[in-house]
Amino acid sequence: MIRLLKCEYKKTRGRWIFVMALVITAAQIAWGLYGDYDSEFIIKNGWMSFLYQLPLVNAIFLPLLSIIVSSRLCDIEHKGAMMKQLAVVADRWRIYDAKLIYGLAIVLFCNILSWSASVICGYAVGFEGDVPIRLYLIYLLFTAVPTIAVYIFQHTLSLLFKNQAVTFFTGIIGAFCGLFSMFLPQLPFLRRMFIWGYYGVLQFVGMFGWTKETRYASAYFDVMDFNWIFFGVLILICIMTYIIGKLLFCRKEV
């Protein structure tokens with residue numbers, strides 16, 4: 001496995017995959033952390049406001065990051081019958097795992113980078129109080145697991161289809177459905193239907209008391225129940241997607 005991971009690194013050195021991932025992450029950080037920090041309400045409730053608004057930003061950028069990283073990693077093998085040559089020197093299941101681990105490492109590193117940026121930004125701006133580290137660690141967990149589920153799905157598609165346009169448009173449509181479902185909180189089943197919607201399913205901070213008339217005068221953030229049941233469901237989805245994806249790839253003709 002170590003040999004295959006080194007092989008992945010050498011094959012991708014000139015393809016700027018990690019640089020592209022960092023560019024997308026930089027755009028995610030800029031979008032998610034941009035705001036009016038002169039407001040007294042934001043300074044007082046900044047730590048909670050990040051936990052409230054960042055899941056929506058994650059639902060936009062993290063699926064896009066997964067699409068690009070998985071597609072770029074797997075597109076190498078579809079050119080010049082490289083997959084057939086690679087299958088001669090290594091078992092297919094090892095190829096699947098090596099490319100999955102390598103891609104996930106890039107995506108999760110970017111995930112941690114954006115999470116760290118939110119904490120650093122909060123301190124730099126001067127949010128009141130200490131960072132609620134327990135809530136932020138749960139937020140990181142509830143962001144990483146949906147990203148893993150999305151990436152495994154995208155990784156499988158990228159390996160199965162030579163035409164990466166199929167992977168790209170499937171991922172974009174899924175991300176749009178997940179994002180759209182987050183704007184319909186009165187229909188929670190929509191979020192649970194798509195793995196891309198689990199950024200919203202696992203969101204645990206809500207804003208209450210906001211109205212058009214009073215705006216932020218009576219608004220406040222509060223912690224809702226942690227949705228551990230659907231977190232467990234998502235873990236099962238990850239496992240099933242991984243098993244089914246690997247079986248399909250191992251049986252596919254190259």
Side-chain angles (χ1 to χ4, degrees), residues 1 3-25 28 58-111 144-179 194-199 234 237-254:
M1 184 60 69
R3 180 169 59 91
L4 286 174
L5 290 173
K6 289 181 179 179
C7 181
E8 289 299 319
Y9 169 72
K10 291 179 179 179
K11 285 188 295 183
T12 57
R13 277 188 301 181
R15 292 179 66 85
W16 303 98
I17 295 175
F18 189 64
V19 174
M20 286 189 294
L22 290 179
V23 169
I24 294 172
T25 303
Q28 176 189 359
N58 294 335
I60 298 172
F61 285 95
L62 292 180
L64 177 62
L65 177 63
S66 297
I67 292 169
I68 291 177
V69 172
S70 62
S71 180
R72 293 287 289 172
L73 282 177
C74 297
D75 184 53
I76 303 172
E77 315 303 347
H78 293 306
K79 294 180 178 179
M82 284 294 295
M83 186 67 75
K84 186 175 294 186
Q85 297 177 40
L86 193 58
V88 173
V89 298
D91 296 327
R92 289 194 185 186
W93 67 269
R94 291 183 182 274
I95 297 172
Y96 182 95
D97 286 346
K99 299 186 80 66
L100 177 63
I101 292 171
Y102 188 79
L104 266 179
I106 296 174
V107 171
L108 292 180
F109 173 81
C110 292
N111 198 165
V145 175
T147 303
I148 291 172
V150 171
Y151 188 84
I152 293 173
F153 178 80
Q154 293 295 154
H155 169 75
T156 301
L157 287 184
S158 295
L159 282 174
L160 293 178
F161 293 96
K162 291 184 178 181
N163 186 353
Q164 293 302 299
V166 176
T167 301
F168 181 82
F169 285 111
T170 302
I172 290 297
I173 292 171
F176 175 80
C177 291
L179 183 62
F194 308 100
I195 53 176
W196 301 268
Y198 274 74
Y199 295 103
L234 188 58
I237 291 174
C238 289
I239 295 172
M240 293 303 299
T241 305
Y242 170 75
I243 293 173
I244 294 172
K246 181 184 281 192
L247 288 175
L248 291 174
F249 174 68
C250 290
R251 295 177 180 179
K252 179 181 179 293
E253 292 185 9
V254 295

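Start at 1 with the first residue, then count along the sequence.
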Which atom pair, heavy atoms only, marks the closest approach of [X] to [Y]?
X: Lys99; Y: Leu73; value: NZ-O, 3.0 Å
X: Ile67; Y: Phe168; value: CG2-CD1, 3.7 Å
X: Cys238; Y: Ile152; value: O-CD1, 3.9 Å
X: Pro63; Y: Val150; value: CA-CG1, 4.2 Å
X: Tyr96; Y: Thr241; value: OH-O, 4.3 Å
X: Leu234; Y: Ala149; value: CD1-CB, 3.8 Å

**Report entry** Met240 and Ile237, any side-chain heavy atoms less than 4.5 Å apart
**Finding:**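 No, too far: nothing below the 4.5 Å cut-off.
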
Query raised in the report: Would you call Leu157 and Val166 a side-chain contact if the rule is heavy atoms closer than 4.5 Å?
Result: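 No, every pair of side-chain atoms sits at 4.5 Å or beyond.
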
Requested in this report: Could you tell me the separation between the CG atom of Leu65 and the CG atom of Leu22, rounded to the nearest 0.5 Å?
Outcome: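 With rounding to 0.5 Å, CG (Leu65) is 9.5 Å from CG (Leu22).
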
Query raised in the report: How many angstroms lie between atom OG of Ser158 and atom CZ of Arg72, to the nearest 0.5 angstrom?
Result: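 If we round to the nearest 0.5 Å, Ser158:OG and Arg72:CZ are 12.0 Å apart.
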
Query raised in the report: So, Ser66 and Gln154: side-chain donor and acceptor under 3.5 Å apart, yes or no?
Result: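 No donor-acceptor contact under 3.5 Å links the two side chains.
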
**Report entry** Exercise: do Thr156 and Tyr242 side chains pair donor with acceptor under 3.5 Å
**Finding:**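 Side chains of Thr156 and Tyr242: no pair found under 3.5 Å.
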
Query raised in the report: Aromatic rings Phe109 and Phe18: how do their planes relate, parallel, tilted or perpendicular, breaks at 30° and 60°?
Result: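 Answer is tilted, since the angle falls between 30° and 60°.
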
Query raised in the report: Which word best sums up how the rings of Tyr151 and His155 line up, parallel for under 30°, tilted for 30 to 60°, or perpendicular for over 60°?
Result: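 The rings of Tyr151 and His155 lie parallel, inter-plane angle below 30°.
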
Query - Pairing residues for Phe161 by the ring-ring contact (aromatic ring centres under 6.0 Å, His included) criterion, not counting sequence neighbours - result: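 Phe161 satisfies ring-ring contact (aromatic ring centres under 6.0 Å, His included) with no other residue.
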
Query raised in the report: Taking only residues two or more places apart in sequence or in another chain, which ones pass ring-ring contact (aromatic ring centres under 6.0 Å, His included) with Phe169?
Result: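 In terms of ring-ring contact (aromatic ring centres under 6.0 Å, His included), with neighbours along the sequence ignored, Phe169 is linked to no residue.
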
Query raised in the report: Do Lys246 and Asp97 sit within salt-bridge range, that is, some charged N less than 4.0 Å from a carboxylate O?
Result: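 So Lys246 pairs with Asp97 through a salt bridge.
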
Query raised in the report: When Val107 is tested against each of Ile148, Val69, Ile68 for side-chain contact (heavy atoms from CB on, under 4.5 Å), which residue passes?
Result: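 Of Ile148, Val69, Ile68, side-chain contact (heavy atoms from CB on, under 4.5 Å) with Val107 is met by Val69 alone.
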
